[in-house]
Amino acid sequence: MEGSLKCNVDAGFNTRRGTTNRGWCFRNYMRDFIYGGAAWDIGSYHILEAEALALKEVILSAIDLHLVNVIFECDSQVTTQAIRSDFNGFSEFSSIISAIRSLLFYFPNFEVKFVKRQANSVAHALAKAADSWTKRSFFNMSPPCIEHLLANDMS
């Protein structure tokens with residue numbers, strides 16, 4: 001939709017290095033790269049926690065950048081369903097989901113949607129490459145590891 005941004009977000013692991021990685025990519029309505037990022041932490045989170053942390057981190061990044069009308073796309077159906085549900089648990093995952101719900105309440109022009117893994121390849125590639133950069137990296141231009149994926153999306 002014109003005037004909106006799409007942000008794909010994903011989490012992953014590098015078992016060899018023992019890191020939990022995250023990657024995200026903002027694009028405009030014409031699918032042009034706007035901004036991206038990647039981060040990693042030592043240790044392995046549960047996959048649901050990693051996906052939720054990635055989503056929370058990118059929502060906070062969008063707030064810091066004063067972005068509006070953002071659709072966040074995540075390939076974790078459990079995470080997106082948990083955000084929409086009324087369930088409140090006592091796990092770390094539940095705590096992260098609660099924080100995301102609060103952010104979405106205060107920023108109603110943000111939306112979280114589930115997408116299939118195939119539609120999330122750019123964020124997946126950034127998450128996979130995250131630990132080849134500094135602990136938190138931000139990109140105003142698309143990094144080489146995703147350029148072929150962006151070009152495929154445009155065709």
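Excluded from the calculations below are hydrogen atoms, water molecules and symmetry mates; all remaining heavy atoms, backbone and side chain alike, are included. Every value quoted in this text rests on a predicted model; they were computed, and no experiment measured them.
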Cluster check [X], [Y]: I/L/V/M/F/W/Y, side chain < 4.5 angstrom:
X	Y	value
Val58	Phe105	yes
Leu53	Val70	yes
Leu55	Val78	yes
Leu103	Val68	no

Let's go through Lys135 and Asp41 carefully: what are the C-alpha distance in whole Å and the side-chain angles of both, what is the deciding distance for salt bridge (charged side-chain N to carboxylate O under 4.0 Å, His left out) to 0.1 Å, and is it a yes or a no? CA-CA 7 Å; Lys135 191 165 183 158; Asp41 291 309; 3.6 Å; yes

Does any non-hydrogen side-chain atom of Ile97 lie less than 4.5 Å from one of Thr79?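 A side-chain contact exists here, since the closest heavy-atom pair is under 4.5 Å.
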
Between [X] and [Y], which heavy-atom pair has the shortest distance, and what is it?
X	Y	result
Cys7	Trp24	SG-CB, 4.1 Å
Phe33	Arg27	CA-CG, 3.9 Å
Asn14	Arg17	OD1-N, 3.0 Å
Leu126	Cys145	CD2-SG, 4.2 Å
Phe110	Ala62	CZ-CB, 3.9 Å
Ile100	Ala52	CD1-O, 3.5 Å

Going by side chain to side chain contact (heavy atoms under 4.5 Å, CB included), name the residues that satisfy it together with Thr134, two or more places apart in sequence or in a different chain. Ser137

Looking at [atom1] of [X] and [atom2] of [Y], how far apart are the two atoms once the value is rounded to the nearest 0.5 Å?
X	Y	atom1	atom2	value
His124	Asp10	NE2	CG	6.5 Å
Glu73	Glu111	CD	CD	9.5 Å
Ser121	Lys128	OG	NZ	11.5 Å
Asp131	Phe13	CG	CZ	12.5 Å
Phe107	Leu60	CZ	CG	9.0 Å
Asn120	Cys74	CG	SG	7.0 Å

Please walk me through it: do Ser76 and Phe114 pass side chain to side chain contact (heavy atoms under 4.5 Å, CB included)? CA-CA 7 Å; Ser76 170; Phe114 167 74; over 6 Å; no

For Phe139, ring pair (Phe, Tyr, Trp, His ring centres under 6.0 Å) partners two or more places apart: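 Ring pair (Phe, Tyr, Trp, His ring centres under 6.0 Å) list for Phe139, sorted by chain: Trp133.
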
Within the side chain of [X], is there an N or O that forms a donor-acceptor pair under 3.5 Å with the backbone of [Y]?
X	Y	value
Asn21	Ala127	yes
Asn28	Asp32	yes
Thr20	Gly43	yes
Arg31	Leu150	no
Arg101	Ile83	yes
Arg84	Val112	yes

Give the ring-plane orientation class for Phe72 versus Phe26, where under 30° counts as parallel, over 60° as perpendicular and anything between as tilted. perpendicular

Assess whether side-chain hydrogen bond (donor to acceptor under 3.5 Å, both in side chains) is satisfied between Ser95 and Ser98, documenting all intermediate values. CA-CA 5 Å; Ser95 175; Ser98 178; over 6 Å; no

Please evaluate residues Leu149 and Val122 with respect to the criterion side chain to side chain contact (heavy atoms under 4.5 Å, CB included), reporting the C-alpha separation (whole Å), side-chain torsions for both, the decisive distance (0.1 Å), and the verdict. CA-CA 6 Å; Leu149 296 169; Val122 173; 3.8 Å; yes

Salt bridge check, Glu51 against Arg22: does any charged N sit closer than 4.0 Å to a carboxylate O? no

Evaluation steps, side chain to side chain contact (heavy atoms under 4.5 Å, CB included), between Leu104 and Ile59: CA-CA 9 Å; Leu104 295 174; Ile59 291 170; 4.2 Å; yes

